[in-house]
Each structure stands twice: as structure tokens, then as C-alpha cells.
Amino acid sequence: MEKICVVGLGYIGLPTAAMFAKTGYEVVGVDINENVINLLNNGEIQIKEVGLDDLVKKVVREGRLRGSITPETADLFIIAVPTPNYSNHTANLEYVKAAIKNILPYLKEGNTVIVESTIPPRTIDDIIAPIISIDGWNVGEDIFLAHCPERVLPGRILIELVENTRIVGGINEISSIKAAQKYSSFVTGEIIKTSAVTAEMSKLMENTYRDVNIALANELAKISDKLGINTLEVIDIANHHPRVNLHQPGPGVGGHCLAVDPYFIIEKAPNESPLINNARRINNSMPEFVVDHIEKIVEKKGKIAVFGLTYKGNIDDVRESPALDVIGLLQKKNFDLSIYDPYIRQEQVRFTLSTFDEAIHNADCILILTDHSKFKGLDEVKIHTKMRTPIIFDTKNHVQINSESIKYYNYGNLYKMSKKSLVVTT
Ligand code: SAJ
């Protein structure tokens, strides 16, 4: 039976390890966090992902997946460690480099090494291959090397690992073929073989495409605000054109992909990427835009009930969430804040979380920053009786409000915002 060593047991490494184990491989999962390894060897996991706990329990019980602090010899090595951003927005490749160096003593002729971590273009050719060559290996002949970026969505990882199209970018053709063979054991989607640098760039451009398009929608929101136009109606009408797909404006762009990946391109070609760079700036400016509008409708030191901390709806992930920036700006302006997010546990954040009732008590505005489905139908009677001023500013165009006595703003009627609107007709 072929053996696989997966380095990095996070949101990608762990499901990938479990999936290969389910397919029949002997899999050893490696992580520097001892707690993760101990949990895994008991059949338990540290992350939340639909169906993953049962799958891991099963393959660990059957002896096909186990954890280890150190790598072991294997036929295939998969690197799935994080690539965070330094504060100057360049990629921190230290985890990837350390993972490659760690597996070096265990490499044997004929092994395949796959990097799944998101990396800037040319990383495989210019950084990873040279590290492997240090030990005298001829990369592409003795050791096969490929970049196979993950493109799965949290909450659907086990489905998308199987069904999504998989990009397999080898340092040479034989490396692509070797890597594609491994994935074909469980991937039912198309497996596209290409070069390492094309795979690196394709992954980054998918998220950059989305980031740039969201920036366009956010810029439209700003223009419409100035000119007195309903942004949402414009988007709806324009999208009736068969070749137009305007995205949705919001409080900014968060998450570990869209808000990070474009910088990996900018880093490598700063003079050639002004559009991508500007898109990042526009999206990063949205928290300020939101707070400027809060100041138009709420008196100084009024109470804002912030609804939603996560970077998008129905998940518990606050990485790069624009809500964190909005809260920071509101605090600087001395607003009284309450924060409500039913998807977040108190220990995840440094703010004190409130219940729905506590959050809206005496509040002057509910500020919706995330489209959790729980926010769709809010208790209008409570809003009316408990809030000091029943106003909602919905940056996600998500909440459905029926009562006319609750003042409701979204990016459709933003331009109507002013302190005058504090006078609410009942
Ligand atoms: N957002 C908007 N307006 C929109 C759409 C999204 O403001 O019209 C915001 C969201 O609120 C959120 C951010 O963008 O803050 C990112 O959300 P997302 O759902 O677009 O993306 P992610 O980061 O959760 O997942 C993306 C996906 N990539 C693409 O859709 C191209 C996913 O398929 C990738 O697997 C993932 O990045 C990744 O790992 O790269």
C-alpha cells in the first residue's frame, strides 16, 4: 500500500489526509502542534467542518490515518501549512520552507512532493525546488514536485475536495502526471495538468478576480452615495445584461483568501498591478465609509449594536474580517458599542459579546456587518420597544424589515442618510 505524509493538519491538510486515508492509502499527518496530534490519535479533531469528525474517527479507528510530530518516509508528501502575510503585505513563506526542510531527511528517489499552500508566483521554481536540490536531488527526475492549490469552501470541504476541478502544476510534465495520478484516486472533477507557475497564478487570479469585482461594486456604492443613486437597483438592472455580473458592495472584504492573495501578485510585480492594488485599497477603505455614515445618523456617543463579526455569513471565522476594523474605528470615535454574533464564542475575540436583547437595549442603530441567516428576520417588536432609536444600517442588504416605523438603510438608500432621519415616524 502506498504511503502519504501530509504536513500541516489545518483546514486543508486534515480533510485531505482523511480523504486519502478513506481512499485506501496509509496516511501519516504531521503537525508541530502536539495537541493536534494527540487529538488525532484519539480519533478527534480541533477544527469544525461538516462530516470531518466522523470521517477522521473512522479512518483512525481503521488504522489508516495517524498523527506524528515528525515526518516519516513515504511515497507522497503533501505540504498544507499556512502562508500568512507579513504586515507589509508580503507572503511569509517561513512555514512552507520549514516544512520542506523537515521532510528532506525522509525523501527517497521517486517520491512526489506536492505543495497545496497558497504561494506567490514562481515560488515552486525559485524557492522550493532549490531547497530540495540542496540534498543533491535532481528535482523533476529523482523527486517530482508540483503545486496543487486548494480551492475548497469551508463548510463544503469534503464535497469540494472530491468534486471541484483540481489544478496540478508540475515543475515539469512528469511531475504533473505523478501528482495527477494521486488525486485521481478520489477526485471526480476534472484534473487539469499545467506548469507550477501557471497553477500558482491561476489560484491567485481566481480570488483576485473576485476582489477586484467587489471593489468595483464598492466604488459604485460610493459614487451612487455622492450622486443620489440607488446602488442596488443599478446592480440588479445591469446584471440583466447577459455578460455582466456586478458583485455586491459591503463593509469590506475579509477572509484568508480574497483579502490576502492579491498581495502575493502585487509583491512580485508591483509596477504591473495598479488595478489589483487599487482594488485592495478600495475594499480596505470600506470600514471607514461605513463609519462615516454611522456618524451621519447617530449622535456622538450614541449606542451602536454591531451585528456580525465574521468575514461572511453562517461561519465562525473572523480572519481579516472588516467588522474588526469597523469596531476599531467606532471605538476611536467613542461610540458606545454592543456586539452580537451568534456564530462566535466569547473566547474567540477580545470584545465582550452581548446577547440579542442586551445588544439592542437602548441602542441608536443596529449595524449589520455579516449576512448570517439568523439576521434575516429580526424580532421587530423587540427592536421597536428596546432600542432608543429604531434604525438599522444593513451593509449586506440582508435583513428583511416589515415595520415602517423602523428606519432601514442599506446601500440602496444610503444617500438619504442624515441626522434628520433620527425623527422616526411611528
Ligand atoms: N463579498 C462581498 N461582495 C460579494 C461577494 C463577497 O463583499 O459580492 C465579501 C464577503 O462578504 C467576504 C469576502 O468577500 O468578506 C470573501 O468571501 P467569498 O465568499 O467571496 O470568499 P472566501 O474567501 O470565503 O472563499 C474564496 C473562494 N474563491 C472564489 O470564490 C474565487 C473559494 O472558492 C476559495 O476556495 C477560497 O477563497 C480560497 O481558499 O482561496
Side-chain angles (χ1 to χ4, degrees), residues 10-13 15-16 49 80 82-85 91 116-120 147-167 189 199-222 231-232 234-236 238-239 244-265 276 279-280 282-287 289-290 307-326 341 343 368-373 375 394-398 410-411:
Y11 275 96
I12 299 305
T16 303
E49 178 58 37
T83 35
N85 245 4
E116 289 211 5
S117 313
T118 306
I119 44 181
H147 175 51
C148 306
E150 58 78 15
R151 297 145 87 217
V152 291
L153 210 57
R156 286 179 45 84
I157 294 181
L158 292 183
I159 300 167
E160 296 205 357
L161 270 181
V162 175
E163 293 178 2
N164 285 7
T165 298
R166 191 88 214 193
I167 311 170
E200 290 165 338
M201 199 61 181
S202 315
K203 156 75 190 193
L204 297 174
M205 277 314 286
E206 289 168 8
N207 286 333
T208 301
Y209 164 86
R210 210 159 153 77
D211 194 50
V212 169
N213 276 286
I214 296 166
L216 184 62
N218 283 332
E219 188 161 286
L220 169 65
K222 289 182 173 182
T231 310
L232 302 174
V234 170
I235 292 174
D236 182 50
N239 282 351
V244 172
N245 177 24
L246 284 171
H247 286 43
Q248 295 300 316
V253 168
H256 191 61
C257 303
L258 272 63
V260 175
D261 291 2
Y263 290 121
F264 289 10
I265 300 175
I276 299 174
R280 284 279 68 241
I282 292 164
N283 289 336
N284 285 342
S285 75
M286 292 313 285
F289 181 74
V290 169
F307 274 36
L309 276 179
T310 62
Y311 83 87
K312 67 177 182 179
N314 302 336
I315 59 165
D316 68 349
D317 193 341
V318 293
R319 285 181 296 174
E320 315 291 331
S321 176
L324 305 177
D325 293 330
V326 172
D341 192 322
Y343 290 78
I368 306 279
L369 297 177
T370 305
D371 47 356
H372 290 315
S373 18
F375 294 166
D394 180 0
T395 66
K396 297 297 291 183
N397 185 30
H398 175 66
N410 60 14
Y411 283 178

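Remember, it's 1-based here, ligands and their atoms both numbered in the order they're listed.
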Problem set entry | Non-hydrogen atoms of P262 and I276 that approach each other most closely | CB-CG2, 3.6 Å
Seminar exercise, completed: Interatomic distance, NZ@K203 vs CD1@I167, rounded to 0.5 Å, equals 8.5 Å
Exercise. Going through the checks in order, is the side chain to side chain contact (heavy atoms under 4.5 Å, CB included) test met by Y411 and T395?
Worked result: CA-CA 6 Å; Y411 283 178; T395 66; 4.1 Å; yes
For this session: Begin from the C-alpha positions of Y343 and H372 and carry the test ring-ring contact (aromatic ring centres under 6.0 Å, His included) through to its verdict.
Result: CA-CA 8 Å; Y343 290 78; H372 290 315; 4.0 Å; yes
Exercise. Would you say the side chains of Y311 and D317 form a donor-acceptor pair under 3.5 Å?
Worked result: no
Problem set entry | Main-chain N/O of L216 paired to H247 side chain as donor or acceptor, under 3.5 Å | no
For this session: With a 4.0 angstrom cut-off on heavy atoms, strictly below it, pick out the residues next to ligand 1 and order them by chain and number.
Result: E150, R151, V152, L153, K203, E206, N207, R210, I214, H247, Q248, G252, V253, G254, C257, L258, Y311, K312, K396
